[in-house]
Number of protein chains: 4
Amino acid sequence: MPGARTRILDAAEELFAGGGYDATPTAQIARTAGVPKGLLFHYFPKKIDVLITLIDERTLVVEAPEVEAVPGDAAGTLSRLARRLPLRASPAMRRILFREADTHGSVRERLGRLNGELIRRARFALELALPTRRGDAARLEAAAATFAAVLLYQENLCQLTGHQIDPDAVAELIAMALV
Amino acid sequence: MPGARTRILDAAEELFAGGGYDATPTAQIARTAGVPKGLLFHYFPKKIDVLITLIDERTLVVEAPEVEAVPGDAAGTLSRLARRLPLRASPAMRRILFREADTHGSVRERLGRLNGELIRRARFALELALPTRRGDAARLEAAAATFAAVLLYQENLCQLTGHQIDPDAVAELIAMALV
Amino acid sequence: MPGARTRILDAAEELFAGGGYDATPTAQIARTAGVPKGLLFHYFPKKIDVLITLIDERTLVVEAPEVEAVPGDAAGTLSRLARRLPLRASPAMRRILFREADTHGSVRERLGRLNGELIRRARFALELALPTRRGDAARLEAAAATFAAVLLYQENLCQLTGHQIDPDAVAELIAMALV
Amino acid sequence: MPGARTRILDAAEELFAGGGYDATPTAQIARTAGVPKGLLFHYFPKKIDVLITLIDERTLVVEAPEVEAVPGDAAGTLSRLARRLPLRASPAMRRILFREADTHGSVRERLGRLNGELIRRARFALELALPTRRGDAARLEAAAATFAAVLLYQENLCQLTGHQIDPDAVAELIAMALV
DNA sequence: TATGAATGAGTGTTCATTCAT
DNA sequence: AATGAATGAACACTCATTCAT
């Protein structure tokens, strides 16, 4: 069995994803984790520290210097980008990342970072994938931002609105617009 | 001076947009509205009823049967769509609509409706604007969803991530992909 | 349709009997009665006045100067007494009479009066029914009180404890003890 | 000084007996007990739990397998039964037991159990005390129930109606009827 | 007589946080 | 590190009662 600190974070991850940060009492976190209430505050002096720690230790925006891109295949390159977000995090943590964006700056910051990395990757991929570098930087920027928007939309709003979106089709669409 | 019920809704709109539903005590709503605490519960038996009423009475997803589209000008048509969301709501209410999507089903429902209307309009606009109806319905669908995603992203995540996106550029991009 | 005052009392009678005085809000009485809340306080300035009026107007302890007794038939005389309590009141009002004895002095007073009348009748009946007046007044008094106790017990505690008691058998028992 | 939990129960016992469960705010219980309000809910999550615990821990219906009876002395046997109810409880708890019978099932259940034990004892005592076992079980049953009714009446209604009843006289009366 | 909005003290309950051990 | 009792401010909500019309 993992240590108390880990069990607390495990419990909080599950509960925050399920009911939200505000609606989850510290007592419930402790109970779910199987630790006494006092111990929770030994590790995390304030409740918000649990959330901050969760974001800090359990989400990682992979900011790779290099992005794999296949020259000449913009659609495929974007598709591959969409297949896996540059985000190392469990489904529960992903839920928390979007859900609690208003709760604390650290969450917002992480989400912003993901967004930035997404745009950076899309831009970079397109730059490399496109046959010729045309001077039209603005259009490329819009394409990158659009793709990032679609990916975040899919991760977040789709659950709320029930509407699905096919990233591959979007990738193809964007590629078509730029070639 | 407007009636008590209106003042309560005014106060709630402001406070929910600012600090969020959970973080806003009913006492503060009453104080801000300048009414005794008990009166709030005279009009809204449960706190959640304030939010529900706000969504119900102060957001309207304009589900127009017809959408104005200029044949041959897909980009311009989308641009015009972006200029104004089919959503009759104050900036504060817009904030609430996105922020409290997890708080109550009625908010989620309204947001979903907006999303649906957005997609419907984009699809319809593109259908009319494009010179020839090509059999490629899937691509058109992807384009519509993409545009909706961008618009919602702009309304919601941009505030969180600080990243701006230019709808006109996206409109042009999409048009280019489809012609 | 009866007048407002009557409808209020009707509603209160039903609700007090069902859920108890304390647990019944005046708003519910008004709603059940189909009258506006303000009108209730027009007729009954304080909530307790509803209960007092109910007891006052809808329970009557029949304090008959004469009690029918058949000389020589003590058991039968008591049985007849048991058949009908000297209490003019609906089942609901009877329930209220016992249930709210602690709520207000007027209820307690009425209940005490019923108890007194019960004892008086039993004593009187026995005095007349018994063949010879023996000097043993104390025993007769005990018999009367016992019979009253049984009748009140039957009316009140039987519902709570689920235990039934046959007044006729008790009547016979007491008669047997006294002859 | 006893522990906080005990002091809370002490205070509740006193206050419930005095003013009744409904009329006693939890704040007053805490104040009387000399503990902060929050601690009350640490031990008793709901107010009703205080009453339930009180009944559970501070009233005991002594369900003795054997009942002491003196053969040939029915009156004396019943008198002895009346001297002390098979109920281990303070006067305050006794008051609560009768007063709050409508408040919660657990109180009602305990009261019913007391009633049952009373009848059982009276029946058993009479069976043993009477010289000859006559086939008349029904009469014996009525006698037992009558005696139980008188004892409960004495404990409960006497306080309300102000009427006293002498159990010894009733014991003698019943004995006389059965010999 | 009739109406329902207005009032505000009070109620049970929650909960993050502290603290003594 | 570990424990759970202790704390009290805050919360949503209730309700008898008043009052202007």
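Naming convention: chains lettered A, B, ... in sequence-line order (proteins, then strands); numbering from 1 in each chain. Model, not experiment: these values are computed from the prediction.
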Original post:
Name the one of D:L51, D:I55, D:I96 that satisfies side chain to side chain contact (heavy atoms under 4.5 Å, CB included) with D:T103?
Top reply: D:L51
Are [X] and [Y] close enough that some pair of their side-chain heavy atoms sits under 4.5 Å apart?
X: A:Y21; Y: A:K47; answer: yes
X: C:L97; Y: C:L87; answer: yes
X: A:R94; Y: A:L85; answer: yes

**OP:** For DNA chain F, find the residues of residues 18-49 of chain A with a heavy-atom distance under 4.0 Å and give them by number; none if there aren't any.
**Re:**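 Output list: A:P36, A:K37, A:G38, A:L39, A:H42, A:Y43.
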**OP:** Give me the first and last nucleotide of DNA chain F, going 5' to 3', that has any atom under 4.0 Å from a heavy atom of chain D.
**Re:** F:dA5 to F:dA10
**OP:** Would you please name every residue forming a ring pair (Phe, Tyr, Trp, His ring centres under 6.0 Å) with B:F44, sequence neighbours left out?
**Re:**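 In terms of ring pair (Phe, Tyr, Trp, His ring centres under 6.0 Å), with neighbours along the sequence ignored, B:F44 is linked to no residue.
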Subject >> ring pair (Phe, Tyr, Trp, His ring centres under 6.0 Å) involving D:Y43 - partner list, sequence neighbours excluded >> reply: none
Original post:
Salt bridge between D:R110 and D:E100, side-chain N to carboxylate O under 4.0 Å?
Top reply: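 No, this pair does not count.
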Original post:
Salt bridge check: are C:D22 and C:R99 linked by an N-O gap of less than 4.0 Å?
Top reply: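 Salt bridge: no.
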Subject >> Contact list for residues 9-20 of chain B, test side-chain hydrogen bond (donor to acceptor under 3.5 Å, both in side chains), sequence neighbours left out >> reply: B:D10-B:R58, B:E13-B:R58, B:E13-B:S90
Subject >> Check: C:R88 side chain, C:T59 main-chain N or O, donor-acceptor pair, under 3.5 Å >> reply: no
Subject >> Ranges pairing with ranges for DNA chain E, where each run has three or more Watson-Crick or G-U pairs under 3.5 Å >> reply: E:2-21 with F:2-21
